[in-house]
Visitor: 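One structure, as structure tokens, below. Some questions next.
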Amino acid sequence: MEDIAPELLEKIKKDFEKKLEKSETIKAFREKVKKKTATYKDANDFAIEAGELLTDAFQSNLSKEILPDGKMYYNIADRIIRERLEHNYDITAEAAVEVQKILNEKAGIGIKAIKPEMNEDRVRGIINIVSGGKYEDVAYILGEAVVNFTQSVIDAAVKENADFHSKAGLRPKIRRTSTGKCCEWCDRLTGIYDYEAVSDTGNDVFRRHKHCRCIVEYDAGDGKVTNVHTKKTTDKKDTKRRIENAKEWSNKQKSGKIKETPKEKEKRNQRGKRAGSCFENIRTPKNVRCIHSKRSIPCTTECGI
Ligand SMILES: [Zn+2]
């Protein structure tokens, strides 16, 4: 049987590059980098755009007619999808580095910006999910998975740079903002967190469900270096129950304890798939709390803080 992978890969590459070059979002990002005004919000927009353009390129060039037996065999996915995901990782990680450089400079932090590592498990996970089955059944999974994967590169950059700064004695903060159109779980996670309080692996602040477009940003804090051996831990004591609250809420939702008014139900239905699908990926949040400071983004009334 003829090996179609190399030719297909080439087509997808060209298609993607063409789309990327024309993209207003990408152009705007590059302009902001030049002017040194780019932020992690812009990097997040870059990631969403790169993810969507790659999805488009896959959809325009892959079909059941083109693929042998109408299936995405593993050996094809492993060469085409992997190569493209790695490329998306690469350009998005570079975009994050550009933003981090700007932020470091503005905060007067004389250390280099860290390029996040690629999450190989996620790449493998996507390849495994789309492999073997009929392409028409998995095409839609590929779409959102690609966008979500690309966004996660930015989230990883935020985390890795904050981690690096924290180890250097700085007090970085993590700011999570919701688009307001995501879901209640996300609304409840919004706020400014002391990085140290959310630094554990898999912390909810750095997680996103399918179709989540929330923004996770690095904040240099006061930019001052503290003595890592003597610094106080009062922040931890002061932190509020934001994440526990999100967990409680999600558990109540699952057990049906939260009764919706008809108006709320209508609102949720309008959110359609997005709201419905978000609970699938919510795992048990870790024991992490939000810092409630004057700089915090005001939370919703339901959250009770
Ligand atoms: Zn969200």
Side-chain angles (χ1 to χ4, degrees), residues 23-26 28-33 36-53 88-89 91-104 106-107 113-114 116 119 122 144 146-163 165 172-195 197-199 202-221 242-243 246 271 274-275 277-278 281-282 285 288 290-291 293 295-300 303:
S23 163
E24 291 301 325
T25 306
I26 305 294
F29 178 79
R30 303 225 189 277
E31 276 305 307
K32 284 187 176 177
V33 168
K36 295 190 188 292
T37 56
T39 64
Y40 267 111
K41 184 190 175 301
D42 301 311
N44 194 47
D45 289 344
F46 179 105
I48 294 168
E49 180 79 348
E52 286 177 350
L53 294 180
N88 253 27
Y89 151 75
I91 58 171
T92 308
E94 286 300 336
V97 167
E98 292 296 341
V99 167
Q100 189 65 48
K101 268 189 206 162
I102 294 168
L103 298 180
N104 285 355
K106 282 186 178 167
I114 303 280
N119 189 332
R122 289 196 66 156
E144 178 54 23
V146 167
V147 177
N148 197 292
F149 165 77
T150 315
Q151 282 178 283
S152 76
V153 177
I154 302 295
D155 302 336
V158 170
K159 188 168 193 304
E160 288 184 36
N161 278 284
D163 201 64
H165 291 185
K173 306 251 188 280
I174 303 299
R175 184 169 54 233
R176 179 161 174 145
T177 39
S178 165
T179 54
K181 296 174 199 154
C182 217
C183 71
E184 197 160 347
W185 183 74
C186 282
D187 287 346
R188 282 166 189 264
L189 277 176
T190 60
I192 296 178
Y193 299 85
D194 191 345
Y195 170 71
V198 294
S199 62
N203 190 283
D204 280 18
V205 170
F206 295 98
R207 297 183 59 241
R208 54 176 79 244
H209 54 74
K210 282 189 276 181
H211 303 286
C212 172
R213 300 292 181 258
C214 292
I215 302 155
V216 178
E217 292 176 276
Y218 163 94
D219 186 320
R242 182 78 49 92
I243 294 181
R271 288 176 180 158
R274 292 184 183 200
S277 63
C278 77
N281 290 339
I282 296 174
V288 172
C290 170
I291 287 177
S293 69
R295 298 173 66 201
S296 294
I297 292 161
C299 57
T300 56
C303 111

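Count residues from 1 along the sequence.
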Visitor: Is there a side-chain contact between Arg122 and Asn148 in this structure, where contact means two heavy atoms from C-beta onward sitting under 4.5 Å apart?
Guide: yes
Visitor: Any non-hydrogen side-chain atom of Ser178 less than 4.5 Å from a side-chain atom of Arg188?
Guide: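 In short, these two side chains do not touch, never coming nearer than 4.5 Å.
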Visitor: Run Ser23 and Leu53 through side chain to side chain contact (heavy atoms under 4.5 Å, CB included) and show every step you take.
Guide: CA-CA 9 Å; Ser23 163; Leu53 294 180; 4.1 Å; yes
Visitor: Could you tell me whether a side-chain N or O of Tyr89 sits under 3.5 Å from a main-chain N or O of Pro116, the two making a donor and an acceptor?
Guide: yes
Visitor: Does the side chain of Glu94 come within less than 4.5 Å of Phe46's, by heavy atoms?
Guide: no
Visitor: Between Asp155 and Val216, is there a donor-acceptor pair closer than 3.5 Å when you use the side chain of the first and the backbone of the second?
Guide: no
Visitor: So, do Thr92 and Ile154 sit near enough that their side-chain heavy atoms are less than 4.5 Å apart?
Guide: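 They are in contact (side-chain heavy atoms under 4.5 Å apart), so the answer is yes.
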Visitor: Using a 3.5 Å distance criterion without hydrogens, assess whether the side chain of Arg208 forms a donor-acceptor pair with backbone atoms of Cys214.
Guide: yes
Visitor: Out of curiosity, Ile215 CD1 to Arg176 CZ, how far, rounded to the nearest 0.5 Å?
Guide: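 Between Ile215 CD1 and Arg176 CZ, I get 10.5 Å after rounding to 0.5 Å.
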Visitor: Taking only Lys NZ, Arg NE, NH1 and NH2, and the carboxylate oxygens of Asp or Glu, determine whether Arg213 and Glu144 approach each other closer than 4.0 Å.
Guide: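 Judged by the 4.0 Å cut-off on N to carboxylate O distance, Arg213 and Glu144 do form a salt bridge.
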Visitor: Are any of the side-chain heavy atoms of Tyr40 and Leu103 separated by less than 4.5 Å?
Guide: yes
Visitor: Quick one: CG on Asn44 to CZ on Phe29, what's the gap to the nearest 0.5 Å?
Guide: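 Nearest 0.5 Å value for the CG-CZ distance: 11.0 Å.
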Visitor: Is it the case that more than 12 heavy atoms not belonging to Lys106 sit under 6.0 Å from its NZ atom?
Guide: yes
Visitor: I need the minimum non-hydrogen distance between Ile174 and Val198, along with the two atoms involved.
Guide: CG1-CG2, 4.2 Å
Visitor: Could you tell me whether the side chain of Gln151 and the main chain of Cys212 form a donor-acceptor pair under 3.5 Å?
Guide: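 Checking the backbone N and O of Cys212 against the side chain of Gln151, a donor-acceptor pair under 3.5 Å is found.
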Visitor: Mind checking whether His165 and Tyr218 have ring centres under 6.0 Å apart?
Guide: yes
Visitor: Given side chains that start at C-beta, do those of Lys159 and Asn203 come closer than 4.5 Å, heavy atoms only?
Guide: no
Visitor: Could you go through the side chain to side chain contact (heavy atoms under 4.5 Å, CB included) check for Cys183 and His211 one step at a time?
Guide: CA-CA 10 Å; Cys183 71; His211 303 286; over 6 Å; no
Visitor: Rounded to the nearest 0.5 Å, how far does SG of Cys186 lie from CG of Asp204?
Guide: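 Between atom CG of Asp204 and atom SG of Cys186 there are 10.0 Å.
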Visitor: Give me the atom names and distance for the closest heavy-atom approach of Ala50 to Ile91.
Guide: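 Closest approach of Ala50 to Ile91: CB-CD1, 4.4 Å.
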Visitor: Quick one: closest heavy-atom pair of Ala96 and Ala157, and the distance?
Guide: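 That closest heavy-atom pairing would be CB-CB, 3.4 Å.
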Visitor: Please, which pairs that meet salt bridge (charged side-chain N to carboxylate O under 4.0 Å, His left out) have at least one residue in residues 42-53, sequence neighbours excluded?
Guide: Lys32-Asp42, Lys41-Asp45
Visitor: Taking all heavy atoms of Val99 and all of Ala43, pick out the closest pair and write down the distance.
Guide: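 Closest approach of Val99 to Ala43: CG2-CB, 4.0 Å.
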Visitor: If we only count heavy atoms from C-beta on, is the Asn161 to Tyr195 side-chain gap below 4.5 Å?
Guide: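 No - every pair of side-chain heavy atoms lies 4.5 Å or more apart.
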Visitor: Between Val158 and Glu217, is any pair of side-chain heavy atoms under 4.5 Å apart?
Guide: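 With C-beta onward as the side chain, the pair stays apart.
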